[in-house]
Undergrad: 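Pasting a structure here, questions to come.
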Amino acid sequence: MFNKFNFINIISASTAGIIGGLYLLAIFPDYFSHPVSSAFIYAIMFFMICLFAGRVSRNVWNNIDNMWLHAIESAIVLGMLTFSFINGFFNYWNSAGIILLGYMIIFTSRTIRENIIKFIFFLLSPVFYYGLFFQNSYFTESIFAISFLLLIEKIYLKDGVDHYFVMSSVILAFLVFINPFLAILFFAFLAYNFRQELNRGVLFLLIALVSFYFMESLLKKDVVVLLLPHLNISFGIIILMLLVLISTIYAGWISRNVYEVFFSSALIILAVMFIYAVIVETPLLILLFSMTPLLSTIFPLLIFAVRDYDTEKYLGKILDD
């Protein structure tokens with residue numbers, strides 16, 4: 001899974017390790033006598049653990065019984081939630097996201113090796129522990145968005161427009177309303193899923209925009225959303241937004257499956273977050289503390305970008321989903 005041809009897996013694991021290291025440095029510095037070196041060592045160790053597990057042959061992992069593996073993983077997830085509930089840290093929103101994440105890891109993994117790698121991402125990352133115990137994280141919206149996009153692709157997107165089509169557009173608009181960064185994922189998925197059906201894609205987008213407008217008008221004061229400081233719109237900002245939009249649509253258009261959409265969206269969201277911080281002229285120290293919780297938005301995308309594909313030197317990935 002982590003040979004030189006699987007660059008998506010390598011970049012995803014590296015980025016996940018760096019984000020975990022930033023969490024340790026920015027949010028948990030009091031737990032380490034040397035926060036910077038601890039964060040650096042964590043990032044290296046995280047990647048090395050993923051690399052080792054991914055280099056082990058599939059046949060070795062296949063000796064593990066599926067039923068027992070899933071039972072152990074379920075017990076770990078439920079044990080984390082039980083511990084948070086007993087100690088008074090229980091948050092229904094983030095807990096629902098973690099349960100859904102565990103379920104999706106178990107039932108969307110192609111192989112046992114992929115299942116284990118994804119669970120390593122989940123189990124060894126401070127992102128989910130921070131969201132579970134401190135209740136200030138943004139991964140749940142991404143988890144729900146991923147699950148819904150997988151559902152859309154696998155089940156019912158077909159010719160014509162029905163109530164499922166409309167409902168899908170409204171729900172995705174609501175997720176973008178809660179977390180604006182997910183608009184990048186939304187546009188990338190539109191370009192990927194409707195590249196052969198542009199008329200339906202435009203209609204899907206229009207329904208989402210109308211739904212978003214009414215949500216913004218009617219629900220802004222009643223729903224907890226991710227609020228960002230407003231930018232002063234200038235010509236440069238408009239050009240930058242257009243470039244991001246074009247890059248997002250292009251990334252979705254050339255994606256070979258929805259998992260590549262997750263990967264490209266994660267990288268674009270990461271870039272947009274840091275560009276946004278630079279535009280609002282955030283000092284480096286404040287940037288580190290303010291932007292780190294936002295990075296949890298892309299962490300579930302990195303988890304599901306990892307796939308256990310066969311690869312060949314000249315062909316690259318061999319897609320057989």
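Since the structure is predicted, the reported quantities are computational estimates derived from the model, not experimental observations. Excluded from the calculations below are hydrogen atoms, water molecules and symmetry mates; all remaining heavy atoms, backbone and side chain alike, are included.
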Undergrad: Could you see if Trp253 belongs to whatever hydrophobic cluster contains Val244? Use Ile, Leu, Val, Met, Phe, Trp, Tyr and a side-chain cutoff under 4.5 Å.
TA: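 Result: no, two separate clusters.
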
Undergrad: Would you give the length of the straight line joining atom CG of Leu24 to atom CD1 of Ile19, rounded to the nearest 0.5 angstrom?
TA: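 Here the interatomic distance stands at 12.5 Å.
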
Undergrad: Ile72 and Phe83: same hydrophobic cluster, using ILVMFWY side-chain contacts below 4.5 Å?
TA: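 Yes, Ile72 connects to Phe83 through the hydrophobic network.
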
Undergrad: Between Gly131 and Phe139, which heavy-atom pair has the shortest distance, and what is it?
TA: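 Closest approach of Gly131 to Phe139, heavy atoms only: CA-CE2, 3.6 Å.
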
Undergrad: Under 3.5 Å, is there a donor-acceptor pair between the side chain of Tyr129 and the main chain of Leu123?
TA: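 Yes, because the side chain of Tyr129 sits within donor-acceptor range (under 3.5 Å) of the backbone of Leu123.
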
Undergrad: Hey, what do you get for CD1 (Ile249) to CZ (Phe187), rounding to the nearest 0.5 Å?
TA: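 Here the rounded value is 7.0 Å.
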
Undergrad: I'd like to know if the side chain of Thr297 pairs up with that of Asn179 as donor and acceptor (distance under 3.5 Å, no hydrogens or angles considered).
TA: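 Distance-only check passes for Thr297 and Asn179.
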
Undergrad: I need the minimum non-hydrogen distance between Ile254 and Glu260, along with the two atoms involved.
TA: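 Looking at all heavy atoms of both residues, the closest pair is O-OE1, 4.4 Å.
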
Undergrad: Measuring from atom CG of Leu151 to atom CD1 of Ile146, what distance do you get when rounded to the nearest 0.5 angstrom?
TA: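 Taking CG in Leu151 and CD1 in Ile146, the distance rounds to 13.5 Å.
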
Undergrad: With no hydrogens and no angle check, is any side-chain donor or acceptor of Arg55 less than 3.5 Å from a backbone partner on Phe52?
TA: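 Here the side-chain-to-backbone pair does not exist.
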
Undergrad: CD1 of Ile106 to CD of Glu73: how many Å apart, nearest 0.5 Å?
TA: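 Taking CD1 in Ile106 and CD in Glu73, the distance rounds to 5.0 Å.
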
Undergrad: Aromatic rings Tyr259 and Phe262: how do their planes relate, parallel, tilted or perpendicular, breaks at 30° and 60°?
TA: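 Because their plane-to-plane angle is over 60°, the rings of Tyr259 and Phe262 count as perpendicular.
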
Undergrad: Tell me, with the steps shown, if Asn115 and His70 meet side chain to side chain contact (heavy atoms under 4.5 Å, CB included).
TA: CA-CA 9 Å; Asn115 178 298; His70 296 166; 3.9 Å; yes

Undergrad: When the aromatic ring centroids of Phe304 and Phe263 are compared, is their separation below 6.0 Å?
TA: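 No, the ring of Phe304 stays outside the 6.0 Å limit from the ring of Phe263, centre to centre.
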
Undergrad: Mark yes or no for whether Ser84, through its side chain, and Leu81, through its backbone, hold a donor-acceptor pair below 3.5 Å.
TA: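 Yes: the side chain of Ser84 pairs with the backbone of Leu81.
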
Undergrad: Would you please test Arg200 and Leu203 for side chain to side chain contact (heavy atoms under 4.5 Å, CB included) and show each step?
TA: CA-CA 5 Å; Arg200 293 181 71 228; Leu203 180 59; 5.5 Å; no

Undergrad: If hydrophobic clusters are built from ILVMFWY residues whose side chains come within less than 4.5 Å, do Phe107 and Ile152 share one?
TA: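 Linked, Phe107 and Ile152 end up in one cluster.
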
Undergrad: Check the pair Asn9 / Asp308 against side chain to side chain contact (heavy atoms under 4.5 Å, CB included), numbers first and verdict last.
TA: CA-CA 9 Å; Asn9 293 349; Asp308 192 1; over 6 Å; no

Undergrad: Scan the side chains in residues 206-218 for donor-acceptor partners under 3.5 Å anywhere in the protein, sequence neighbours excluded, and list what turns up.
TA:
unit_1, atom_1, unit_2, atom_2, d
Ser211, OG, Ile207, O, 2.8
Glu216, OE2, Lys220, NZ, 3.1
Ser217, OG, Tyr213, O, 2.9

Undergrad: Do Val202 and Phe204 land in one hydrophobic cluster if side-chain heavy atoms of ILVMFWY residues count as linked below 4.5 Å?
TA: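 No, because Val202 and Phe204 fall into different hydrophobic clusters, even though each may have its own neighbours under 4.5 Å.
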
Undergrad: Applying side-chain contact (heavy atoms from CB on, under 4.5 Å) between Ile44 and each of Phe46, Phe47, Phe40, Tyr42, report the one that passes.
TA: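 Only one of Phe46, Phe47, Phe40, Tyr42 forms a side-chain contact (heavy atoms from CB on, under 4.5 Å) with Ile44, namely Phe40.
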
Undergrad: Minimum heavy-atom separation for Thr140 and Gly97, please, with both atom names.
TA: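 Here Thr140 and Gly97 meet closest at CG2-CA, 3.8 Å.
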
Undergrad: Judged by atom type as modelled, is there a donor-acceptor pair below 3.5 Å linking the side chain of Arg110 to the main-chain atoms of Arg307?
TA: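 A pair under 3.5 Å: no.
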
Undergrad: Supply the atom-to-atom distance Met241 CE to Ile275 CD1, rounded to the nearest 0.5 angstrom.
TA: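 Going from the CE atom of Met241 to the CD1 atom of Ile275 covers 12.0 Å.
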
Undergrad: Which residues satisfy the ring pair (Phe, Tyr, Trp, His ring centres under 6.0 Å) test with Phe119, sequence neighbours excluded?
TA: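 Phe119 satisfies ring pair (Phe, Tyr, Trp, His ring centres under 6.0 Å) with Phe122 only.
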
Undergrad: If the condition is side-chain contact (heavy atoms from CB on, under 4.5 Å), which residues does Ala145 pass it with, not counting sequence neighbours?
TA: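 For Ala145 the side-chain contact (heavy atoms from CB on, under 4.5 Å) partners, ignoring immediate neighbours, are Leu175, Leu182, Leu185.
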
Undergrad: Quick check for you: to the nearest 0.5 Å, what is the distance between Met80 atom CE and Leu132 atom CG?
TA: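 Here the rounded value is 5.5 Å.
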
Undergrad: Who passes side-chain contact (heavy atoms from CB on, under 4.5 Å) against Ala266, sequence neighbours left out?
TA: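 With sequence neighbours excluded, Ala266 shows a side-chain contact (heavy atoms from CB on, under 4.5 Å) to Ile298, Leu301, Leu302, given in chain and number order.
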
Undergrad: Please enumerate all residues that pass side-chain contact (heavy atoms from CB on, under 4.5 Å) together with Leu100, with sequence neighbours excluded.
TA: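 By the side-chain contact (heavy atoms from CB on, under 4.5 Å) rule, Leu100 matches Tyr103, Met104, Ile143, Phe144, Ser147.
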
Undergrad: Please check if Trp93 and Leu294 belong to a single hydrophobic cluster, counting links between Ile, Leu, Val, Met, Phe, Trp and Tyr side chain heavy atoms closer than 4.5 Å.
TA: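 Same cluster.
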
Undergrad: Show your working on side chain to side chain contact (heavy atoms under 4.5 Å, CB included) between Ile116 and Ile64 and close with a plain yes or no.
TA: CA-CA 11 Å; Ile116 291 173; Ile64 300 175; 4.0 Å; yes

Undergrad: The criterion is side-chain contact (heavy atoms from CB on, under 4.5 Å); which residues satisfy it with Ile41, sequence neighbours excluded?
TA: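 Ile41: side-chain contact (heavy atoms from CB on, under 4.5 Å) contacts with Met45.
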
Undergrad: At their closest point, which heavy atom of Ser125 faces which heavy atom of Phe299, and how far apart are they?
TA: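 What the structure gives for the nearest pair is OG-CZ, 3.3 Å.
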
Undergrad: Taking all heavy atoms of Leu150 and all of Thr108, pick out the closest pair and write down the distance.
TA: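 Taking every non-hydrogen atom into account, CD1-CG2, 4.3 Å.
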
Undergrad: Looking at every non-hydrogen atom in both residues, tell me the closest pair between Tyr138 and Ser296 and how far apart they are.
TA: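 Tyr138 and Ser296 have their closest heavy atoms at N-OG, 2.9 Å.
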
Undergrad: I'd like to know if the side chain of Ser264 reaches the main chain of Val261, judged simply by a donor and an acceptor atom lying under 3.5 Å from each other, with no hydrogens or angles considered.
TA: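 The answer is yes, because a donor-acceptor pair under 3.5 Å joins these two groups.
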
